[in-house]
K.L.:
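Quick one: the structure is below, and I'll ask about it shortly.
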Amino acid sequence: MSLLDRHVGLVEALRRSGVPVSLAEDLDAVRAAQQLPLLDRDALRAAYAATLVKRPTHRPNFDALFDLWFPPLLGDGIVRDEMAAPEPDQQPSRLGLSDGPEALAHLRDRLAEALGSGDPDLLAQLAREGVGRFGEMKGRGQGQASWSAYTALHRIHAAELVDRVVAGLAADPDDAPAARRRVQRRVEEFGRYAEADARRRVAEEKGADHMSRHAVRPTVENLDFTSARRADLVEMRRQIHPLARRLATRLAREQAAQGRGSLDFRRTVRASMSTGGVPLETKHRPRRPARTDLVVLCDVSGSVASFAQFTLMLVFALREQFSRVRAFTFVDEVTEVTDRFRPGADPVQTMLDLAASVQQVAMFGRTHYGRALERFYERHHDALGPQASLLVLGDARSNHSDLALPTLRRMVRESRHAWWLNPEHARHWDTGDSAASAYGEVVPMVECRNLTQLGEFVHGLAI
Amino acid sequence: MVTWFESPADAVKRLADVGYLADDDTATTVFLAGVLGKPLLVEGPAGVGKTELAKAVTAAADAALVRLQCYEGLDEARALYEWNYKKQLLRIQAAGAQAWEETHDDIFSEEFLLTRPLLTAIRREDPTVLLVDEVDKTDVEVEGLLLEVLSDFQVTIPELGTVVATRRPFVVLTSNASRELSEALKRRCLYLHLDYPDADREKAIVLSQVPEAGERLVEQLVEMVGRLRELELKKAPSIAESVDWARTLLALDAGHLDADVAARTLGVVLKHVSDQERATKELRLARTS
């Protein structure tokens with residue numbers, strides 16, 4: 001594979017993964033690469049990153065793909081087999097690396113040392129060796145072997161070494177917690193190296209193109225709420241405030257541009273002084289934006305809880321854009337949670353409070369939309385009114401129970417606007433116990449699967 | 001074409017000479033921006049040294065810095081050039097019997113032109129670094145204006161003609177990402193995301209700024225700041241704040257940073273009440289009464 005083929009392959013894989021790379025940027029990358037010593041892989045990575053990747057959220061995918069298309073080494077590279085006792089009569093496995101218990105113990109010893117010193121190169125080298133020795137899953141024929149970082153990490157079990165390393169590091173007991181954190185970070189680093197190495201080996205066997213179709217996850221803002229893992233949820237939570245800030249900036253701008261108010265005579269005359277009394281520029285009063293009253297009704301049952309939390313956090317982060325926000329959560333009972341969102345409150349605490357409030361709204365623990373809607377109308381129907389916009393969040397899966405469509409219809413009639421946000425992909429609507437189209441006939445139902453869609457929707461709501 | 005830096009290694013060395021400790025990625029990107037003659041867009045959280053980078057490049061290359069501070073409502077007249085109306089009016093009044101054609105030619109000449117940062121940077125003959133600071137604060141129209149200037153390094157003034165740069169300035173744009181910049185602008189730039197540095201580099205930075213603090217104290221401080229950044233805070237402490245913290249501890253004559261001292265001086269690095277509460281709880285600092 002020539003260098004140019006690799007370059008084109010990488011660019012195409014990037015585009016497939018959702019990084020918009022224009023032809024101009026493609027050419028820039030080639031020009032930049034020419035200016036650098038070809039053998040310096042890190043410099044090449046920096047050059048590609050500077051020219052091709054213009055958004056920080058795209059960076060993890062870029063790094064993964066770069067490793068696939070420009071692997072740091074081939075096969076096992078040069079591994080010094082310190083257990084070396086090449087027995088002539090034994091048929092050597094691929095490169096003669098043994099994966100027996102002695103080899104494992106030996107590797108763990110060296111790993112413990114590396115974790116202590118924290119040298120990233122040494123860690124990466126050990127990760128490579130570890131995957132090569134303990135992560136191989138032999139295939140039947142040529143080109144069918146595969147590597148699993150999971151198997152390798154499971155056998156090496158680096159987490160078990162932490163205590164040993166910490167004991168060696170911290171002479172002073174005061175330092176122990178700090179040392180432990182440091183070592184734990186290094187263990188995680190080791191895990192990442194091992195995963196990257198397993199990907200690289202598989203890519204070598206099956207082709208980078210094949211791997212790049214499977215190894216890449218969508219960026220945080222395009223990740224589905226329903227398929228997010230724990231680590232993703234934390235990352236998403238970090239994105240909420242920047243997203244709210246960006247939306248607020250955009251809204252302020254659009255409202256300012258949205259046409260001018262009446263002529264401000266005083267300021268116009270005053271401004272004309274600098275041009276000799278000729279009013280070259282007219283000044284206008286700002287227009288008062290009409291603000292919406294928002295009523296949010298969220299399903300917080302297990303399946304869609306995270307989606308409801310994100311929406312509530314975003315709505316409350318943009319509180320100034322609405323005249324009033326009231327939030328209610330339900331599973332089969334309804335409660336108001338507006339007071340849990342205090343200005344300047346700690347987002348983590350708010351999340352915990354919300355999670356705790358779920359206990360109060362689950363009498364039987366199964367989502368029951370009909371009952372929840374009835375209860376809401378019965379107790380809180382004063383929240384609705386001609387100024388209010390109603391927002392229902394949920395997957396419309398009501399466990400085949402009564403839907404209370406007439407009540408919802410009445411609620412919609414009593415409010416100014418109404419929407420239903422559904423975190424499921426539209427193609428899953430109406431499957432199983434989903435009553436999406438039944439509710440969709442009463443309230444316009446909007447698909448809202450990720451932060452991008454959520455941001456767009458809330459933006460449209462506030463303007 | 002001037003060469004700004006010989007190689008990435010040269011960039012690291014010369015930036016370090018003027019007190020800016022760049023990592024390899026930053027140095028490589030700065031080197032490329034110089035050698036390709038492309039603007040460099042630096043994005044990242046507040047206080048990680050985006051503006052400092054531009055200043056360091058200026059000092060390292062022995063150039064002059066022309067700075068355009070962006071703000072909402074910045075327009076062509078403030079960014080590019082403006083005619084000096086008042087002076088023109090005076091000139092017309094003083095013309096007396098002079099023919100209008102002559103006066104007209106006269107008042108649209110160099111003498112009545114007020115150059116603003118973008119035009120200044122393009123017309124300079126000596127090495128120049130143009131810093132467009134906080135470009136995300138401007139309106140979208142200004143971005144359009146920047147496009148012409150940054151891709152062709154030329155400015156068209158209807159009355160005078162097109163001014164082309166004799167020597168391309170080294171352009172640095174900084175952004176806090178408070179809004180998405182347009183794709184067109186990003187496409188024309190090299191992109192560098194500056195993030196909080198790793199512990200070793202931060203230690204080196206703090207030590208170079210506050211050498212009296214001593215290695216042990218700075219190590220503890222950097223470790224603590226690293227832990228603070230891992231928490232979910234509204235505003236994570238920046239490098240500038242780490243340096244401030246080191247100065248504070250020095251002024252308080254605190255030999256080391258323990259939970260008690262940290263709790264008392266937390267206000268230097270965390271500026272939200274909820275952040276301070278969170279940090280006190282998570283890091284088990286002694287609560288101040």
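Excluded from the calculations below are hydrogen atoms, water molecules and symmetry mates; all remaining heavy atoms, backbone and side chain alike, are included. Here is how names work: the chains are called A, B, and so on, in the same order as the sequence lines, proteins then strands, and each is numbered from 1.
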K.L.:
Just to be sure I understand the criterion: a residue of residues 270-281 of chain A counts if one of its heavy atoms is under 4.5 Å from a heavy atom of chain B. Which ones qualify?
P.N.:
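Within residues 270-281 of chain A, the residues that come under 4.5 Å of chain B (heavy atoms only) are A/Ser274.
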K.L.:
What part of B/His193 is in contact with chain A, defined as an atom under 4.5 angstrom from a non-hydrogen atom: side chain, backbone, both or neither?
P.N.:
side chain
K.L.:
How long is the straight-line distance from CG of B/Leu270 back to OG1 of B/Thr280, given to the nearest 0.5 Å?
P.N.:
8.5 Å
K.L.:
Side chain, backbone, both or neither: which part of B/Asp139 has a non-hydrogen atom closer than 4.5 Å to chain A?
P.N.:
both
K.L.:
Drop me the distance from B/Leu173's CG to B/Leu41's CG, to the nearest 0.5 angstrom.
P.N.:
6.0 Å
K.L.:
If you look only at pairs with a residue in residues 21-66 of chain A, which of them pass as a ring pair (Phe, Tyr, Trp, His ring centres under 6.0 Å), with sequence neighbours excluded?
P.N.:
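Output for this query lists A/His7-A/Tyr48, A/Tyr48-A/Phe70, A/Phe62-A/Phe66, A/Phe66-A/Phe70.
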K.L.:
With a 4.5 Å heavy-atom cut-off, do B/Leu114 and B/Tyr81 have their side chains touching?
P.N.:
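B/Leu114 does not reach B/Tyr81 side chain to side chain.
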K.L.:
Do B/Glu202 and B/Ser242 get their side chains close enough for a donor-acceptor pair, meaning under 3.5 Å?
P.N.:
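Note: B/Glu202 and B/Ser242 side chains meet the donor-acceptor criterion.
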K.L.:
What parts of residues 186-193 of chain A touch chain B if we use heavy atoms and a cut-off under 4.5 Å?
P.N.:
none
K.L.:
With a 3.5 Å distance limit and no angle check, can you tell me whether B/Thr174 reaches the backbone of B/Glu134 through a side-chain donor-acceptor pair?
P.N.:
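Between the backbone of B/Glu134 and the side chain of B/Thr174 there is a qualifying donor-acceptor contact (under 3.5 Å).
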K.L.:
In terms of heavy-atom proximity below 4.5 Å to chain A, should B/Glu230 be classed as side chain, backbone, both, or neither?
P.N.:
both
K.L.:
Tell me if the NZ atom of B/Lys271 is crowded by more than 12 foreign heavy atoms within 6.0 Å.
P.N.:
yes
K.L.:
Could you check whether any side-chain heavy atom of B/Tyr71 comes within less than 4.5 Å of a side-chain heavy atom of B/Thr138, counting everything from C-beta outward?
P.N.:
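Side-chain contact under 4.5 Å: no.
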K.L.:
Rounded to the nearest 0.5 Å, how far apart are CH2 of B/Trp4 and CZ of B/Phe170?
P.N.:
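Between atom CH2 of B/Trp4 and atom CZ of B/Phe170 there are 7.0 Å.
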K.L.:
Less than 4.5 Å to any heavy atom of chain B: does that hold for the side chain of A/Leu52, its backbone, both, or neither?
P.N.:
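For A/Leu52, no heavy atom lies under 4.5 Å from chain B.
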K.L.:
Of the listed residues (B/Glu223, B/Lys137, B/Arg227), which shares the most heavy-atom pairs with chain A below a 4.5 Å separation?
P.N.:
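The residue among B/Glu223, B/Lys137, B/Arg227 with the greatest pair count is B/Arg227.
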K.L.:
Could B/Asp75 and B/Arg116 be called an ion pair, given the rule that one side-chain N must be under 4.0 Å from one carboxylate O?
P.N.:
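The answer is no: the pair does not qualify as a salt bridge.
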K.L.:
Between OH of B/Tyr191 and CZ of A/Arg59, what distance do you get to the nearest 0.5 Å?
P.N.:
10.0 Å
K.L.:
Give the interface residues of residues 179-190 of chain B toward chain A, defined by a heavy-atom separation under 4.5 Å.
P.N.:
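Residues in range: B/Arg179, B/Glu180, B/Glu183, B/Lys186, B/Arg187, B/Cys189, B/Leu190.
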K.L.:
Would you compute the distance between atom CG of B/Leu233 and atom CG of B/Asp275 and round it to the nearest 0.5 angstrom?
P.N.:
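If we round to the nearest 0.5 Å, B/Leu233:CG and B/Asp275:CG are 4.5 Å apart.
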K.L.:
Under 6.0 Å from the ring centre and within 45 degrees of the ring axis: does the NZ or CZ of B/Arg229 meet both conditions for the six-membered ring of B/Tyr196?
P.N.:
yes
K.L.:
Any side-chain donor-acceptor pair under 3.5 Å between B/Asp25 and B/Thr28?
P.N.:
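The answer is no; no qualifying pair exists.
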K.L.:
With chain B as the partner, which of A/Glu25, A/Arg31, A/Arg45 has the greatest number of non-hydrogen pairs under 4.5 Å?
P.N.:
A/Glu25
K.L.:
Counting only heavy atoms closer than 4.5 Å, note whether B/Lys38 contacts chain A via side chain, backbone, both or neither.
P.N.:
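Side chain only.
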K.L.:
Considering only heavy atoms, which portion of B/Asp24 lies under 4.5 Å from any heavy atom of chain A: side chain, backbone, both, or neither?
P.N.:
neither
K.L.:
Is the gap between the ring centers of B/Trp83 and B/Phe112 under 6.0 Å?
P.N.:
no
K.L.:
Quick one, A/Leu243 and A/Leu314 - any side-chain contact, counting heavy atoms below 4.5 Å?
P.N.:
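Of all side-chain heavy-atom pairs linking A/Leu314 with A/Leu243, at least one is under 4.5 Å.
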K.L.:
Side chain from CB out, backbone as N, CA, C, O: work out which of these in A/Val21 comes under 4.5 Å of a heavy atom of chain B, or both, or neither.
P.N.:
neither
K.L.:
In plain terms, say whether B/Lys203 and B/Glu215 are close enough for a salt bridge, that is, a side-chain N and a carboxylate O under 4.0 Å apart.
P.N.:
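Yes, this pair counts.
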